[in-house]
2 protein chains.
Amino acid sequence: MFDLVEFRHLKYIAAIAETGNFTRAAERLFLAQPSLSKQIKELEDGIGIQIFVRHHDGVRITPAGQMIVSYAIEAVKARNEIIQAARAVHGGTIPALRIGFSCFVQQDVLRSLRDAYASLFPGCPMQFSGGDPAQILRRMEEKSLDAAVLPLPISGEQWTVDQVASAPLAVCMRADDPLAQQMEIQPSELAKRLKIFRNPDAHPEAHARLLEMLAEIGIEPEVSSLATTPSDIQWMVQSGSGMALIDQKTPLDQSLTTRPIASVNWTADTAFVHPVHAEHPSLPVLTRHFRKMNGIAPAKRTSRRKHADDLQMTLLA
Amino acid sequence: MFDLVEFRHLKYIAAIAETGNFTRAAERLFLAQPSLSKQIKELEDGIGIQIFVRHHDGVRITPAGQMIVSYAIEAVKARNEIIQAARAVHGGTIPALRIGFSCFVQQDVLRSLRDAYASLFPGCPMQFSGGDPAQILRRMEEKSLDAAVLPLPISGEQWTVDQVASAPLAVCMRADDPLAQQMEIQPSELAKRLKIFRNPDAHPEAHARLLEMLAEIGIEPEVSSLATTPSDIQWMVQSGSGMALIDQKTPLDQSLTTRPIASVNWTADTAFVHPVHAEHPSLPVLTRHFRKMNGIAPAKRTSRRKHADDLQMTLLA
DNA sequence: GAGGTGCGATAGCTTCTGTCTATGGCCGAA
DNA sequence: TTCGGCCATAGACAGAAGCTATCGCACCTC
């Protein structure tokens, strides 16, 4: 009974749903319209579900049909991508996936990426190479890297960006700093002490954005120390050169601590980035994988607060 | 080229992979062995991927084949479940999905569930009903509820449990409490002041687990106030009856605040639970949906700290 | 209201293909 | 050597998917 449903049908269903019209769907499928009608009718009868309601001016989709339509579109795309990727694996034409990453990206993110890749592309090698975001983007443009894990923001039409992690942005300071007695750091206090930054050349866009955000809460920091790695930053903070802003998940030296900034809710976000016109055959599958996660994730997305009060549920006792 | 691949093939591939043998797979599929051989051969030739390596004593799976095999198994199952569910929707035989929830579950989790259901089962009604976890489990056994969103732990062979949210477990206290000046609460201090608990009858397993965890860090609390809702707890804390442990995401009254417990990393986890032998036709699809999220999720799962810290334990709210 | 237009359904024929049975080749165990 | 297990090949056949031609229906225009 389920076996009546073949990919062929799913493709037809997707085309009909997208054109809203058997005739045009048939054209798009290079098929005669009666063939299409017949296939769909037999399918509907076979599985006992009416998918489309025929009108004189096209078709409407039933609720049950909508379920099938969404599924069909997804399923066909997934099939094609998997086969494409498996073909590449089989042909041995999968070169190592060359991933660039910033040393400011948390290791567990890289680990997750590695694990996901290993399970999706068994036996296919990866190469990781660290570097500045600016340099890594350049290397992706030169095609000496396939993809990267980088701190946001990354803008530009040429990049496909999927956020994969997010952590609060916090003030890093010495644990024995008097300010560490406070729960949160006030912007006014931060303004005087925030002096350690990443080298702006490493990720100009992120630096600019950070300064912009600081300006919004009235901070125009004196940028006096430039670091290139998280341990540089920690060393600088430790040696008393000032405070820094870091990803709260960064593993910290014992002598250091972090505090949130009062009245804001900033995050350090990390994304999986690759050129829109990807070259490496694994990228569509990987991207699909990430999108699924972010899609309609139940809970976990604190940013969903938007609908805070539209919640109306039938309460039964 | 992709269109050569039909569900029929995926079913065959899955059967061959599972039996390791064309002949037995053919039997299982009620098919003559040559038909199967021919189908697979044509498929392999068509898409240009060798999936199986034929030996005199059966078949091995190539790496590219492995990708396709895993995909095939998943895809066939997904198709069947979707059709099953759509059939139920179409037949109007989908009774309202009756969800029980504990009032200690954060609303955004319920909202996500509602949204996911609405998008997977357009037009199908839900009914929510609040209550104690113990009572809700009982009602699921009696089949007056289909599924529930509950704090972990939930054990027992009869339940299918999928974690859907997790938040740090924190100490809830008055904002003007002297201890609120501290960043973290030491277990020794907590021991004296922790007095407010959920009614143990509401979720005996969680209560027991909480006491066990507290014992591990040397706390044997005096359980002097019993609450049945988060607002009870907040009221009790506010009125000076002691401290409580709560999900850090709980919306707090202004006069209250939370602090982490020093040296541990406990979380309050929430799960989607239903009887293993589910009755409601949407449950396979919903569960599949949640599993996808949790599967190989790249980062985002703060609860993954387990690796770093054995002390981390699944807990209650 | 007559005729035109756009859409889907039906009928009948053709072609393709998935399945069957029968058989062959290969390898290892008895 | 022979037998048994396994997969591949060959040829026949039936069913299914496709095509063309045509119909029916609703709506629009004049």
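Model, not experiment: these values are computed from the prediction. Letters go in sequence order (proteins before strands), and every chain restarts at 1.
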Roughly, in whole Å, what's the span from [atom1] in [X] to [atom2] in [N]?
| X | N | atom1 | atom2 | answer |
| --- | --- | --- | --- | --- |
| A:K11 | D:dA17 | NZ | C1' | 13 Å |
| B:R8 | D:dA16 | CZ | C1' | 11 Å |
| B:F7 | C:dG18 | CZ | C1' | 19 Å |
| A:H55 | D:dA26 | NE2 | P | 12 Å |
| A:L43 | D:dA16 | CG | C1' | 14 Å |
| A:D57 | D:dC28 | CG | P | 9 Å |
| A:I40 | C:dC7 | CD1 | P | 17 Å |
| B:L36 | C:dT19 | CG | P | 9 Å |

- Task: Output, in order, the C-alpha distance, side-chain angles, deciding distance and verdict of side-chain contact (heavy atoms from CB on, under 4.5 Å) for B:L113 and B:F101.
- Result: CA-CA 11 Å; B:L113 170 62; B:F101 64 95; over 6 Å; no
Does the pair [X]/[Y] count as a salt bridge with the N-to-O cut at 4.0 Å?
| X | Y | answer |
| --- | --- | --- |
| A:R24 | A:E18 | no |
| A:R111 | A:D115 | no |
| A:R288 | A:E74 | yes |

- Message: Less than 4.0 angstrom between a side-chain N/O of B:T23 and OP1 or OP2 of D:dG5, yes or no?
- Response: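 So the side-chain polar atoms of B:T23 never come under 4.0 Å of the phosphate oxygens OP1 or OP2 of D:dG5.
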- Message: For C:dG6 and A:N21 - does any side-chain N or O of the residue sit under 4.0 Å from the phosphate oxygens OP1/OP2?
- Response: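 So the side chain of A:N21 is outside the cut-off, no N or O lying under 4.0 Å from OP1 or OP2 of C:dG6.
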- B:H9 and B:Q39: side-chain donor and acceptor closer than 3.5 Å?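 There is such a pair (donor and acceptor under 3.5 Å, judged by atom type) between the side chains of B:H9 and B:Q39.
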- Name the residue closer to the 5' end of DNA chain C, choosing between A:G20 and B:L31 according to the nucleotide with the nearest heavy atom.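 Its nucleotide being nearer the 5' end, the pick is A:G20.
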Closest heavy-atom pair and its distance - [X], [Y]:
| X | Y | result |
| --- | --- | --- |
| A:H289 | A:A116 | NE2-CB, 4.0 Å |
| B:P122 | A:M67 | CD-CG, 3.4 Å |
| A:V285 | A:E81 | CG2-O, 3.6 Å |

- Query: Contact class for B:Y12 (heavy atom, under 4.0 Å): base, sugar-phosphate, or nothing?
  - Reply: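 Since only primed, P, OP1 and OP2 atoms lie under 4.0 Å of B:Y12, the category is sugar-phosphate.
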- Query: How are the rings of B:F52 and B:F22 set relative to one another: parallel (under 30°), tilted (30 to 60°) or perpendicular (over 60°)?
  - Reply: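 Correct class here is perpendicular.
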- Query: In terms of side-chain heavy atoms of A:A32, which of D:dG18, C:dC7, D:dC19 is nearest?
  - Reply: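 Among the listed nucleotides, the one closest to the side chain of A:A32 is D:dC19.
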Anything under 3.5 Å between a protein N or O and an N or O of nucleotides 9-16 of chain C, put it in a table, one pair a line.
unit_1, atom_1, unit_2, atom_2, d
C:dA9, OP1, A:R54, NE, 2.8
C:dA9, OP2, A:S37, OG, 3.0
C:dA9, N7, A:Q33, NE2, 3.0
C:dA9, N6, A:Q33, OE1, 3.2

Pairs under 3.5 angstrom, nitrogen or oxygen only, protein versus nucleotides 27-30 of chain C, please.
none

